> 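What follows is a single structure, and I will ask about it in a moment.
Since the model is a prediction, treat every value here as computed from it, not as a measurement.
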Amino acid sequence: MKKRSQLIIKTVRMNNDLRDSPADMAQAVLELKASDPQGRWGVDSVKQRLANTGVYLSRNDIRTIMHDYFDEEFDERMPGGRSRGPTRTPLLSAGPGESVHFDGHEKLGHLALNLGQDIGLPIYGCKDKYSGFIRALTVLPNVRKEIVIAHWYLDLVEAYGSLIPNHDFSLEAAPEYKADDFPPLVQIPSTRNTPIEGIWRWQREGEGHNLRQVIEDGVTHGLLIPGIELHAFDFSGH
């Protein structure tokens, strides 16, 4: 203990100014939980992740904050808590472009096809909530890398000019609309991202064919041989 004090080592109770401010403690937890939209992280997970960033809070402090802001998640993390179905609500939107849903589809990725590292067709798409218009369905090298999605998004904005009709919205022009009511970005779990999640099955069944089945049939009949570099090049492009 004496050595820690001499070396100014930060712990939950020593050299920790954060604990003097309940507001700062709550803010640290809220900022971390913003990366947990599905509410999977419990008290211990949050405590460890905060410690990894140099923020040290006690389990009691974290539990109190999480009950204040994320109380419903405790029941959902209990065994059987997620077995009940999601609460279904009508899809409401103020108009075209007010809400656009994005999602990645990896049913044709290399891990799903299991035909080799370079053979896969990961897709990223977006759909307008109000009109149901599919703005884009694009095969990308990787739908999990932020830089890839960022580049794709900027290309999309360039093509449409804007994904939001009033991208220069201001409080002076429309004081009745607040950023809290119409946030520019919301991260939600797949169970609530239904406008875009539902198109994958519709796309497959509506068009009457399954691209994955076509690929697997090609392997079965020797038209696609994963071990041949030229065949893999058709998917990877490099």
> Can a side-chain donor-acceptor contact be found between Asp61 and Ser58 if the only test is distance below 3.5 angstrom?
yes

> Does the Asn193 side chain pair with the main chain of Phe102, one donor and one acceptor, at a distance under 3.5 Å?
yes

> Before you tell me yes or no, could you show the steps for Leu32 and Leu50 under side chain to side chain contact (heavy atoms under 4.5 Å, CB included), namely the whole-Å CA-CA distance, both residues' side-chain angles and the distance that decides it to 0.1 Å?
CA-CA 7 Å; Leu32 179 72; Leu50 286 173; 3.8 Å; yes

> Using the rule that Ile, Leu, Val, Met, Phe, Trp and Tyr join whenever any side-chain heavy atoms are under 4.5 Å apart, tell me whether Ile228 and Leu223 fall into a single cluster.
no

> Kindly check if the number of other-residue, nucleotide or ligand heavy atoms within 6.0 Å of CZ (Phe70) is above 12?
yes

> Whether the side chain of His110 engages the backbone of Gly120 through a donor-acceptor N/O pair (distance < 3.5 Å, no angle test) should be reported.
no

> Once rounded to the nearest 0.5 Å, what's the spacing between atom CG of Asp103 and atom CD of Glu197?
4.0 Å

> Quick check for you: to the nearest 0.5 Å, what is the distance between Leu224 atom CG and Asp217 atom CG?
11.0 Å

> Does any part of the side chain of Met66, heavy atoms only, come nearer than 4.5 Å to the side chain of Val29, both counted from C-beta?
yes

> Would a distance-only check, ignoring hydrogens and angles, find a side-chain to backbone donor-acceptor pair under 3.5 Å from Lys127 to Ile134?
no

> Partners of Trp152 by side-chain hydrogen bond (donor to acceptor under 3.5 Å, both in side chains), sequence neighbours excluded?
Thr138

> Checking Glu73 against Lys33 for the salt bridge (Lys or Arg N to Asp or Glu O under 4.0 Å) test, could you report, in this order, the C-alpha distance in whole Å, the side-chain angles of both residues, the deciding distance, and whether it holds?
CA-CA 11 Å; Glu73 292 182 1; Lys33 286 286 288 177; 2.7 Å; yes

> Does anything in residues 138-153 form a salt bridge (charged side-chain N to carboxylate O under 4.0 Å, His left out)? List the pairs, not counting sequence neighbours.
Glu106-Arg144

> Does one side chain, of Asp155 or His151, offer a donor that lies under 3.5 Å from an acceptor on the other?
yes

> Once you round to the nearest 0.5 Å, how far does CG of Asp44 lie from CZ of Arg59?
4.5 Å

> Going from NE2 on His101 to OG on Ser93, what distance comes out if it is rounded to the nearest 0.5 angstrom?
7.5 Å

> What distance separates Ile225 CD1 from Ile119 CD1, expressed to the nearest 0.5 Å?
10.5 Å

> Hey, which of Ile196, Val143, Leu137 is the one that makes side chain to side chain contact (heavy atoms under 4.5 Å, CB included) with Tyr124?
Val143

> Distance-only, no hydrogens or angles: does the Arg49 side chain make a donor-acceptor pair with backbone N or O of Trp41 under 3.5 Å?
no

> Check step by step if side chain to side chain contact (heavy atoms under 4.5 Å, CB included) holds for Leu121 and Ile215.
CA-CA 10 Å; Leu121 297 171; Ile215 295 173; 4.1 Å; yes

> Can you confirm whether Leu156 sits close enough to Cys126 that some side-chain heavy atom of one is under 4.5 Å from a side-chain heavy atom of the other?
yes

> Same cluster or not: are Phe133 and Val100 linked, directly or through other Ile, Leu, Val, Met, Phe, Trp or Tyr residues, by side-chain heavy atoms under 4.5 angstrom apart?
yes

> Less than 3.5 Å apart, any donor N or O on the side chain of Asn52 or Gln48 sitting next to an acceptor on the other?
yes

> List in chain and number order the residues that pass ring-ring contact (aromatic ring centres under 6.0 Å, His included) with His67, two or more places apart in sequence or in another chain; answer none if no residue qualifies.
Phe74

